[in-house]
Amino acid sequence: MAASDPRRALVAGICMSEQDVTDPREEARRIAGAFAAHLRHLQEFRGVRYVSAAPMPPGSPSAAAAEYEPLDQSGAPLDEPSVQREQTASSPLEASSPAPAPDVRSQAKSWSAAQKLEYLRAKNLGDCQRCPLAATRTKIVFGVGDADAPLMFVGEAPGHDEDLRGEPFVGRAGQRLNQWIEALGLTRSAVYIANVVKCRPPLNRDPEPLEVERCSPFLRAQIRAIRPQVLVALGRHAGMLLIGAERRSMGSMRQQVWTYEEPQAGLRVPVVVTYHPSYVLRQERDEAEGEGTTNATVLADLRRALALVTR
Ligand code: SF4
């Protein structure tokens, strides 16, 4: 058999170089595979987007969730026949929710922001396994605070203490954030705090692009539910995600007020980017005692953010 014949080579399982793959059917398979993967992604996150636009049903989201929308293993809601998946006995939610799901969308019109968040956490995030961080986390760190908060803080990812407690910003960095919030004349319970990535990256490394891609739809859904007046990005990764930039220095992001936009949800929220409290704590080790330059810089940024709040 001639190894230069791509079709035969494929049948024989011979690994071909990219140059050899010229068979149009092979190309069609490749495109179909990419399309299928994209479709799976859309279906998986369809529920998240749906919560977004959501309009929610009256009553407790938990009760409605149990009644209306069982999850399959991937966390995808089964409210539409087009994405109904094979039921297995291994899914407790499915076992306890045998009734077919009615159109939740139409019932979803009167849910509060808190109910949307509860639904998002329970039904869409669930015991999320969408990225490799699921294997090493202790607890998912969803978010905390007032669902109707005008000011929303967005960090990068949970650290050690957050991973154990399941709450964002509870370690030393959290204490510093609390001090900042108090310096603004607010309390932690009056703002909302979340991270771009909901599970701790091992050894507190930066989140990988895949992890951000898989997890950030949940942050976006949180923002759509809360509809804050102002977003504060803590750190470079949170800043880049919220302003939609691929590569930007903290210096350039700090210098102006950006806009977080989701046209489909009618959302345009000002974004102020500032340093992550962990960075400030590290910097302070190098700053002369009492100098507090970075801390003062952050406080100035936060006051700029607060000045944008109008209610
Ligand atoms: S980081 Fe996000 S996407 Fe990854 S497993 Fe945790 S919740 Fe799921």
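As the structure lists them, so they are numbered: ligands from 1, and atoms in each ligand from 1. Residue numbers start at 1 and run along the sequence shown.
Checked for salt-bridge contact, Glu262 and Arg224 meet the test: a charged N lies under 4.0 Å from a carboxylate O.
Closest approach of Gly143 and Pro168 over heavy atoms only: CA-CG, 4.0 Å.
Taking the centre of each ring, His276 and Phe169 come in below the 6.0 Å mark.
If you number the atoms of ligand 1 from 1 as listed, the ones under 4.0 Å from a heavy atom of Leu125 come out as 7 (S). In the vicinity of Val197, heavy-atom distances shorter than 4.0 Å reach the ligand 1 atoms 1 (S).
For Arg268, the CZ atom sits in a loose shell: 12 or fewer heavy atoms of surrounding residues, nucleotides or ligands are nearer than 6.0 Å.
Two residues are said to be in side-chain contact when any heavy atoms from C-beta on lie closer than 4.5 Å; Val212 and Leu241 meet this criterion.
Among the backbone and side-chain atoms of Cys215, none of the N, O or S atoms lies under 2.8 Å from atom 6 (Fe) of ligand 1. Taking 2.8 Å as the criterion, Cys128 does not count as a coordinating residue of atom 4 (Fe) of ligand 1, since none of its N, O or S atoms falls below it.
Looking at Arg137 against ligand 1, only its side chain comes within 4.0 Å, counting heavy atoms.
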